[in-house]
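Since the structure comes first, as structure tokens, the remarks are kept for the end.
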Amino acid sequence: MASLPEGFRYLPAYLDRPAQENVVEQIRQVVADAPLYVAEMPRTGKPMSVRMTNCGLLGWVTDREKGYRYQAFHPTTKRGWPAIPRELLDLWDARSGYPKPPEACLVNFYSDEAKMGMHQDKDEVDLEAPVLSLSLGNACLFRIGGPDRRDSTTSLRLSSGDVVILGGAARLCFHGVDRIYPGTSTLLKNGGRINLTLRRVRR
DNA sequence: GAGTTACG
DNA sequence: GCAT
């Protein structure tokens, strides 16, 4: 029986349905300004199955040439990212336990076929701040291990409205999304799943 | 190695 | 389908 790392917090059904609908509307506005795009793996240029965009002062991006990084503008439009919606800033204030505001909100859109390989979030300078994640739409099978890629892992089904926080020892633990469960939510009319992750990037 | 696949 |  594998155990979850210290600092991992799971808040099931943290947002009720009206609150989820509210956030989805805010994210629709973000996407209207900063369109979803297909990110590329460093060096190989292989496309990721997840489509992404960001809001906040900084956004996490990746492409073949420059690899993983944070930057202040959308890779396609070259415009600055839209602001993080107030509801998400409030969520951070309520649950992160961190005094400074988040600078980045990565918006990952998973089609019903999309996956995310096991990885660490380690492109932030400030690794003391937790990463706070909100799931919207179809459920997924989330998996988290330890700080070493070979560490044993635990799988967890995340549903719409669930919040997960990676802080403390969990902050640098490998994690990923093995599958989406199609048709498990009516929140998004066209299916799929949205994951929002709030991060503090700079000290 | 933020992908892909193969094997129990 | 799920763990690795």
Side-chain angles (χ1 to χ4, degrees), chain A residues 1-5 8 10 27 31 34-56 58-71 74-76 81 102-127 129-159 162 164-167 169-185 191-201:
Chain A
M1 195 59 172
S3 62
L4 290 158
F8 176 88
Y10 172 47
I27 294 304
V31 170
L36 291 166
Y37 65 94
V38 176
E40 297 175 342
M41 299 292 289
R43 291 176 288 283
T44 63
K46 282 196 179 174
M48 293 175 57
S49 58
V50 167
R51 290 191 300 151
M52 54 180 65
T53 188
N54 291 268
C55 48
L58 294 170
W60 187 87
V61 298
T62 171
D63 57 30
R64 178 199 295 260
E65 294 77 22
K66 295 185 181 172
Y68 307 152
R69 65 197 186 276
Y70 282 92
Q71 67 180 34
H74 190 285
T76 306
W81 304 104
E103 294 166 297
C105 175
L106 176 60
V107 179
N108 282 157
F109 176 77
Y110 292 77
S111 68
D112 286 340
E113 302 80 38
K115 304 186 228 313
M116 177 76 77
M118 295 291 281
H119 67 280
Q120 295 168 297
D121 290 13
K122 59 176 182 185
D123 300 308
E124 302 75 27
V125 178
D126 187 348
L127 294 174
V131 170
L132 188 157
S133 139
L134 171 64
S135 294
L136 296 167
N138 284 339
C140 77
L141 185 64
F142 175 82
R143 184 155 57 105
I144 182 162
D148 189 293
R149 194 177 277 281
R150 298 164 297 184
D151 291 335
S152 67
T153 63
T154 304
S155 291
L156 188 59
R157 181 179 167 125
L158 298 183
S159 298
D162 291 355
V164 163
I165 301 169
L166 301 183
R171 180 62 181 77
L172 287 174
C173 287
F174 279 85
H175 59 281
V177 172
D178 287 334
R179 66 161 298 187
I180 301 296
Y181 296 101
T184 52
S185 168
R193 168 177 185 262
I194 293 171
N195 182 251
L196 306 175
T197 52
L198 296 165
R199 300 111 182 266
R200 179 77 198 181
V201 180

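Chain letters run A, B, ... following the sequence lines, proteins first, then strands; residues in each count from 1.
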Expressed as a whole number of angstroms, how long is the span from A:Leu141:CG to C:dG1:P? 11 Å

B/S/- along nucleotides 3-8 of chain B (protein heavy atoms under 4.0 Å) is S-----

Could you tell me whether A:Asp126 and A:Arg171 have a side-chain N and a carboxylate O separated by less than 4.0 Å? no

Rounded to the Å, how far apart are A:Leu172 CG and B:dA2 C1'? 15 Å

Could you work out the separation of B:dT5 and B:dG1 based on their C1' atoms and round it to a whole Å? 13 Å

Identified side-chain contact (heavy atoms from CB on, under 4.5 Å) partner of A:Tyr181 from the options A:Asp112, A:Leu141, A:Asn138: A:Leu141

Considering only heavy side-chain atoms of A:Ser155, the closest of B:dG1, B:dA2, C:dA3 is C:dA3

Give, for atom CD of A:Glu103 and atom CG of A:Asn54, the distance between the pair rounded to the nearest 0.5 Å. 12.5 Å

ring centroid sep under 5.5 Å plus plane angle under 30, A:Trp60 with B:dA2: yes

Out of A:Arg51, A:Met116, A:Met48, which one pairs with A:Asn108 under the side-chain contact (heavy atoms from CB on, under 4.5 Å) rule? A:Met116

Heavy atoms under 4.0 Å, any strand shown: does A:Asp123 hit a base, just sugar-phosphate, or nothing? base

Touch class at under 4.0 angstrom, heavy-atom based, for A:Arg43 against every strand present: sugar-phosphate

Given that both distances must come in under 3.5 Å, which nucleotide forms a Watson-Crick or G-U wobble pair with B:dG1? none

Just call it for A:Tyr181: base, sugar-phosphate, or nothing, with non-hydrogen atoms closer than 4.0 Å on any strand. sugar-phosphate

Between A:Thr153 and C:dT4, is there a side-chain N or O to OP1/OP2 distance below 4.0 Å? yes

For the pair A:Tyr37 and A:His74, name the ring-plane relationship: parallel under 30°, tilted 30 to 60°, perpendicular over 60°. perpendicular

Output the rounded distance in Å from CG (A:Asn108) to C1' (B:dA2). 9 Å

